[in-house]
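The first residue in the sequence is number 1, and the count goes up from there.
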Amino acid sequence: MGSRLDQSRRCWTRAQQFIPGGVNSPVRAFKGVAHDGIDVVPPFIASASGAEVRDIDGNSYIDYVGSWGPMILGHANPIISAAISSALERGTSFGAPTEAEVEFAELLTQLVPPLEMVRLVNSGTEATMSALRLARGATGRDYVIKCEGCYHGHADSFLVSAGSGVATFAIPGTPGVPSAVAELTISVPYNDLEAMEHAVAGAGADKVAAIILEPVPGNMGLVLPKEGYLAGLRSLCDKHGIVLIFDEVMSGFRVSLGGASERFGVMPDLVTLGKVIGGGMPVGAFGGKSDLMQQLAPAGPVYQAGTLSGNPLGVAAGIAALTELKRIDPYPALEELAIRWQGGMQQAADDNSVDFQASSLGSMVGFFFSAKAVENYADAKAADSARFAAFFHEMLSRGIYLAPSAFEAGFLSTSHTMQHVDRTIAAAQESFAALA
Ligand code: KE4
């Protein structure tokens, strides 16, 4: 199916007049799948329903981006839409406490094991930024250690590049981040406990406020934690009084109902959430042990705030989404479908002698054009991203909408069926053959 993009092309030209790079978030600009440096036109989406999105030229696609994670119950889910519409009739925002926020907070603490208390914010970035400030305020320490390839939103402390050596302090990853801020962040390889121990020792354990990571990274492609890695981090943090933060903005309610902490049985001190918990509305959250959370203003001295935090529409959507997930427990079926997706994609690649590593966990899927398993960011960067880009466009032209970057994950929803997966695998067979 040739996907004509005339209307998208028109919109793309206009968008770039008024919006930097034509998008409100960089990954949407398809720079990660540019053809030999030639920019491509991203489809402008007109509508979405269930597992499919439709662009303004009328092309429809099976969607594996799912708004980068939120749409686990499918696009335009009627239960979530009805909840938003109902809340809308009572007003959009009050800037005052509401009973629904209390209901939502209680529901989150019931579903996510590390949560004793929780505060709502408006994005994953706000969640991780606030969690780090809380960890620093509670410990009186300044350093934070993160893992290369893990993305925690765009707060200054996280937009850093690894320093030259394992335990050296990070350097700004983008203009605008002061070196003085970047130097308080240390970046180490994911899945390497020894490197983490070395970094803690190098900084001085009594100077490290927090270790933050995606327990199941989806921002370097999908990478799975090695046996014992998460538990090892827990022990290391216990030993030195370091706050362990699981950034589950993406993995939360994706790898299981209770997220990675439930799935792997390792409890962080703080967990950050977003995406799924807003049901498509802008909602983030961070929370954890009460003694930590009680340090937040106005209960304690660590300041954190937000005009639209706990917004009635977002809370209504979130309660509807999480209540529905609790009611139907879609995770066994999602996992089975994801495993089928992984196996079919791997088989299609193997049939065409393509170096390819497909993976899945819960409702998340991923793949690398690589001959070896990918265990960290260095492995991910060594994979063939040019081949990924070519594959992406072959699949898009066949009506399959994958994440437009080799360093992202894919997402299934309760609307995806075996037929969707079979169509995807058939398109992959044709795409791999076309790339040969
Ligand atoms: P937001 O501020 O974009 O809501 O969340 C930031 C964030 C924090 N932590 C993790 C683990 C995340 O994956 C994210 C955001 N994920 C990206 C996708 N890789 C969002 C897509 C985008 O940036 O447009």
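Rounding to the nearest 0.5 Å places CD of Gln357 at 10.0 Å from CD of Glu375. The CZ atom of Phe367 lies 11.0 Å from the CG atom of Leu222; values are rounded to the nearest 0.5 Å. Distance check: Phe30 CZ to His393 NE2 gives 7.5 Å after rounding to the nearest 0.5 Å. Taking CD1 from Ile212 and OG from Ser157, the interatomic distance works out to 9.5 Å, rounded to the nearest 0.5 Å. Atom CD of Gln346 is separated from atom CH2 of Trp341 by 10.5 Å, given to the nearest 0.5 angstrom. Here the straight-line distance linking atom OG of Ser256 with atom OH of Tyr331 works out to 7.0 Å at 0.5 Å rounding.
Shortest non-hydrogen contact noted between Glu248 and Leu273 is O-CD2, 3.8 Å. Taking every heavy atom of both residues into account, Val53 and His75 meet most closely at CG1-NE2, 3.6 Å. In terms of heavy-atom proximity, Ser261 sits nearest to Met267 at O-CE, 3.2 Å. Minimum heavy-atom separation, Met293 to Arg119: CE-N, 3.8 Å. Heavy-atom minimum distance, Leu115 versus Leu108: CD1-O, 3.6 Å. Across all their heavy atoms, Ala100 and Ile319 have their closest contact at O-CD1, 3.5 Å.
At distances below 3.5 Å, at least one donor-acceptor pair connects side-chain atoms of Glu214 with backbone N or O atoms of Gly218. A donor-acceptor pair is defined here as one N or O able to donate and one able to accept, closer than 3.5 Å; such a pair exists between the side chain of Glu101 and the backbone of Thr98. Remark: the backbone N or O of Lys372 is paired with a side-chain donor or acceptor of Ser370 at under 3.5 angstrom. In this structure a side-chain-to-backbone donor-acceptor pair under 3.5 Å is missing from Ser67 to Gly69. Side-chain atoms of Ser93 do not come within 3.5 Å of backbone N or O of Asn311 as any donor-acceptor pair. In this structure, Gln342 contributes its side chain and Ala358 its backbone to a donor-acceptor pair below 3.5 Å. With His240 contributing its side chain and Cys237 its backbone, the two residues share no donor-acceptor pair below 3.5 Å. Formation of a donor-acceptor pair under 3.5 Å by the Ser187 side chain with backbone atoms of Ala170 is not found in this model. Judged by distance alone, the side chain of Ser86 and the main-chain N or O of Ala83 form no donor-acceptor pair under 3.5 Å. Between the side chain of Thr125 and the main chain of His154, a donor-acceptor pair closer than 3.5 Å is present.
Between the side chains of Asp247 and Thr128, no donor N or O sits under 3.5 Å from an acceptor N or O. For the residue pair Thr109 and Glu106, no side-chain donor N or O sits within less than 3.5 Å of a side-chain acceptor on the partner. For the residue pair Glu148 / Asn376, no side-chain donor-acceptor distance below 3.5 Å is found, with atom types taken as modelled. Inspection of the Tyr61 and Asp55 side chains reveals an N or O donor paired with an N or O acceptor under 3.5 Å.
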Inset, instruction - I would like to know whether Leu107 and Thr323 meet side chain to side chain contact (heavy atoms under 4.5 Å, CB included); could you show each step before the answer? - result: CA-CA 8 Å; Leu107 181 58; Thr323 302; 3.7 Å; yes
Legend entry - Residue pair His152, Cys150: steps toward the side chain to side chain contact (heavy atoms under 4.5 Å, CB included) verdict: CA-CA 7 Å; His152 303 296; Cys150 285; 3.6 Å; yes
Legend entry - Verdict with reasoning, Leu73 to Ile80, per side chain to side chain contact (heavy atoms under 4.5 Å, CB included): CA-CA 9 Å; Leu73 290 166; Ile80 296 174; 4.0 Å; yes
Inset, instruction - Please test Leu88 against Thr92 for side chain to side chain contact (heavy atoms under 4.5 Å, CB included), starting from the C-alpha separation and ending with a verdict. - result: CA-CA 6 Å; Leu88 199 53; Thr92 53; 3.7 Å; yes
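The aromatic ring centroids of Tyr151 and Phe407 lie 6.0 Å or more from each other. Trp68 and Phe411 have their aromatic ring centers separated by at least 6.0 angstrom. For Tyr190 and Tyr377, the distance between ring centers is not under 6.0 angstrom. Checked against a 6.0 Å centroid threshold, the rings of Phe368 and Phe388 do not count as neighbours.
Under the 4.5 Å side-chain criterion, counting only non-hydrogen atoms from C-beta, Phe286 is not in contact with Val271. Residues Thr185 and Phe158 are not in side-chain contact: their nearest non-hydrogen atoms beyond the backbone lie 4.5 Å or more apart. Put simply, the side chain of Asp384 does not reach to within 4.5 Å of the side chain of Asp355, judged on heavy atoms. You'll find the side chain of Pro312 stays beyond 4.5 Å of the side chain of Val315, heavy atoms only. With contacts defined as side-chain heavy-atom distances shorter than 4.5 Å, the pair Ile245/Pro268 does not qualify. Using a 4.5 Å cut-off on side-chain heavy atoms (C-beta onward), Asp422 and Arg340 make contact. Within the 4.5 Å cutoff, no side-chain heavy atoms of Arg141 are placed close to those of Val243. Side-chain atoms of Leu325 and Leu257, non-hydrogen and from C-beta on, do get closer than 4.5 Å to each other.
A salt bridge does not link Asp63 to Arg54: none of the charged nitrogens lies less than 4.0 Å from a carboxylate oxygen. Taking 4.0 Å as the cut-off between side-chain N and carboxylate O, Arg398 and Glu394 count as a salt-bridged pair.
Checking each of Leu270, Leu236, Leu213, Asp238 against Leu244 for a side-chain contact (heavy atoms from CB on, under 4.5 Å) leaves exactly one that passes, namely Leu213.
Taking the six-membered ring where the residue is Trp, Phe391 and Phe432 present parallel rings, their angle staying beneath 30° rather than reaching 60°.
By the neighbour-count criterion of 12 heavy atoms within 6.0 Å, atom CZ of Phe94 is densely surrounded, having more than that number from other residues, nucleotides or ligands. Counted within 6.0 Å of CD on Glu336, heavy atoms from surrounding residues, nucleotides or ligands total 12 or fewer; the atom is thus considered open. Heavy atoms from other residues, nucleotides or ligands lying under 6.0 Å from CD of Glu116 number more than 12.
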